[in-house]
Peer 1: 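Can you read through this structure? Questions will come right after.
Numbers restart at 1 for each chain; the letters A, B, ... are given by sequence-line order, proteins then strands.
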Amino acid sequence: MANDSLLDRSRTIAGPGYNRWLVPPAALAIHLAIGQAYAFSVFNKPLGSLISGDVNNPAPDDWTPTQIGITFSIAIVLLGLSAAVFGKWLERVGPRKAMLASALCFGGGFLIASLGIHLHNIWLLYFGYGFVGGIGLGIGYISPVSTLIKWFPDRKGVATGMAIMGFGGGAMIGSPLANNLMNHFKDSAPQGVAPTFIVMGLIYLLFMQFGVWTIRVPADDWKPAGYVPSTEHNDMITTANVSADNAIKTPQFWLLWVVLLTNVTAGIGVLETASPLVQETFSDGAMGAGRGVTAAAAAGFVGLLSLFNLLGRFFWSSASDKLGRKVTYAIYFGLGILLYALVPTLGHGLQLTLFVVVACVIISMYGGGFATIPAYLSDMFGKYQVGAIHGRLLTAWSTAGVLGPLIVHTLHEHAQEQGLKGAAAYQNVFYTMAGVLVIGLLANLAVRPVKEEYYEKGPVTIEAGGH
Amino acid sequence: MSTPANPSSATPPAQEPAAVGGSAILAWLYVGIPLAWGVSQTFIKALALFK
């Protein structure tokens, strides 16, 4: 019987006295693992020199950077698609089964990919890391979100911020871990990549088990001790529930889709250009001999942005509990427009310190946008199927993952063809991204409470969520 | 613009169940140690920017 399964939702309902502060670490165990995806670029050069054995001198039959880059693109597209497709299933079966599926897909994806690397078959790499692993990413990303919102109705932003912060932190662990492992295995396999994939797959599969077996859902009538829902009326926080199927019929869903799309697209504009931007803008030629930004310093700049991406997820999402979601996004967009428009000026003026500070604030709001959206959705649609609604909204992320780099590369190449260099070669990228944020600002300002016709009639049960 | 979103009234800390017990501390260490390692590695790399 399904009810006998330890994975079944009914077996994960917390008993009296369960400490809800165990839930965020369970969520983090999933997000810290799958966040590795953002460190995939650490494999680019080793994967591109499996035959030649020399990262600086690839053989004609070695995989090209474009071929390798497709792996990450597939993974991100599958993240959005699987989050959208499996969201309702997750609501029905509960977080434990979903987390286990995520761990099996993500860890298994590494193992399949390692075979592809060993056989030098890129299709197997695409299938393993991109397709199977990407499904693990999508299911894993949304798996703890609705559970956290139910455990922390009084601190929704804090709770989801903690989990989604883990996705930012995952890359910080995945990158040095991969480098250390490839160095360790470099004599036993080409560039040490295939065994690194095996070990990382197993490590992540095991690491994620902590989340699988620690996660609990609250009983339907559970509330935090001393928690009294506010009786103060707030149009922007519904007490009703909207199903995932109804949510996508509302303008609010699509306005928030645009909000996420624009915030992520603009953020990618900075992340994609960070290293070349800082090196070309603050080169020796511009700053004076020996005073320009080196490749190592540029890598440090990228690292600093990663830190602020992580911190922003927690800071802004937590702040949104006090400020309100709509105000928080208005800050992302309003302040973002000013800062994006300021970046070229700081570049022309060779204001390196201010430039770094501005970039860090921009990236903190990029991360904050990811972390605040689940609470925004919960405010608008209720907690009934918020995980499934969040999953469907993540298609905006996949779209931004294609749109952002396309805008950046098209504008930058056009500027280079016109002979522009340094900050000038990037200024249209930043002005365009400021324009993208204007669209996001307008979409956010247009968000109004959901009409009653979309509400679920009568009481809702979680078990009914997937039917 | 919306009004502030905090839906709860003030929650006296004494009324919360033990917010951090032994198992919660271990759970946070399980995820906190690798995260701290990753952050430290990134921070060390970021220091190059200020040299």
Peer 1: Please state whether the side chain, the backbone, both or neither of A:Leu304 comes within less than 4.5 Å of a heavy atom of chain B.
Peer 2: both

Peer 1: Answer yes or no: is there a donor N or O on one side and an acceptor on the other, between the side chain of B:Trp28 and the main chain of A:Trp21, under 3.5 Å?
Peer 2: yes

Peer 1: With a 4.5 angstrom heavy-atom cut-off, is it the side chain or the backbone of A:Val447 that approaches chain B, or both, or neither?
Peer 2: neither

Peer 1: Heavy-atom distances under 4.5 Å only: say whether B:Leu35 touches chain A with side chain, backbone, both or neither.
Peer 2: both

Peer 1: Look at B:Val31, B:Leu47, B:Leu29 and state which one has the largest set of heavy-atom pairs under 4.5 Å with chain A.
Peer 2: B:Val31

Peer 1: To the nearest 0.5 Å, tell me how far A:Asn180 CG sits from B:Gln41 CD.
Peer 2: 7.0 Å

Peer 1: Output the option from A:Gly303, A:Ser306, A:Pro25 having the highest count of non-hydrogen pairs under 4.5 Å with chain B.
Peer 2: A:Pro25

Peer 1: Knowing that exactly one of A:Leu22, A:Thr214, A:Asn19 qualifies, which makes a side chain to side chain contact (heavy atoms under 4.5 Å, CB included) with B:Ser23?
Peer 2: A:Leu22

Peer 1: Give, as side chain, backbone, both or neither, the part of A:Leu310 having an atom under 4.5 angstrom from any heavy atom of chain B.
Peer 2: side chain

Peer 1: Can you tell me how far CG of B:Leu49 sits from OG1 of A:Thr353, rounded to the nearest 0.5 angstrom?
Peer 2: 8.5 Å

Peer 1: Only pairs of heavy atoms separated by less than 4.5 Å count here; which of A:Ile173, A:Leu32, A:Thr328 has the most with chain B?
Peer 2: A:Ile173

Peer 1: Report the option among A:Ala375, A:Ala296, A:Ala299 that has the most heavy-atom pairs separated by less than 4.5 Å from atoms of chain B.
Peer 2: A:Ala299

Peer 1: Nearest heavy-atom pair of B:Phe43 and A:Leu307: which atoms, and what distance?
Peer 2: CD1-CD1, 3.9 Å

Peer 1: Is any side-chain heavy atom of A:Leu28 closer than 4.5 Å to a side-chain heavy atom of B:Tyr30?
Peer 2: no

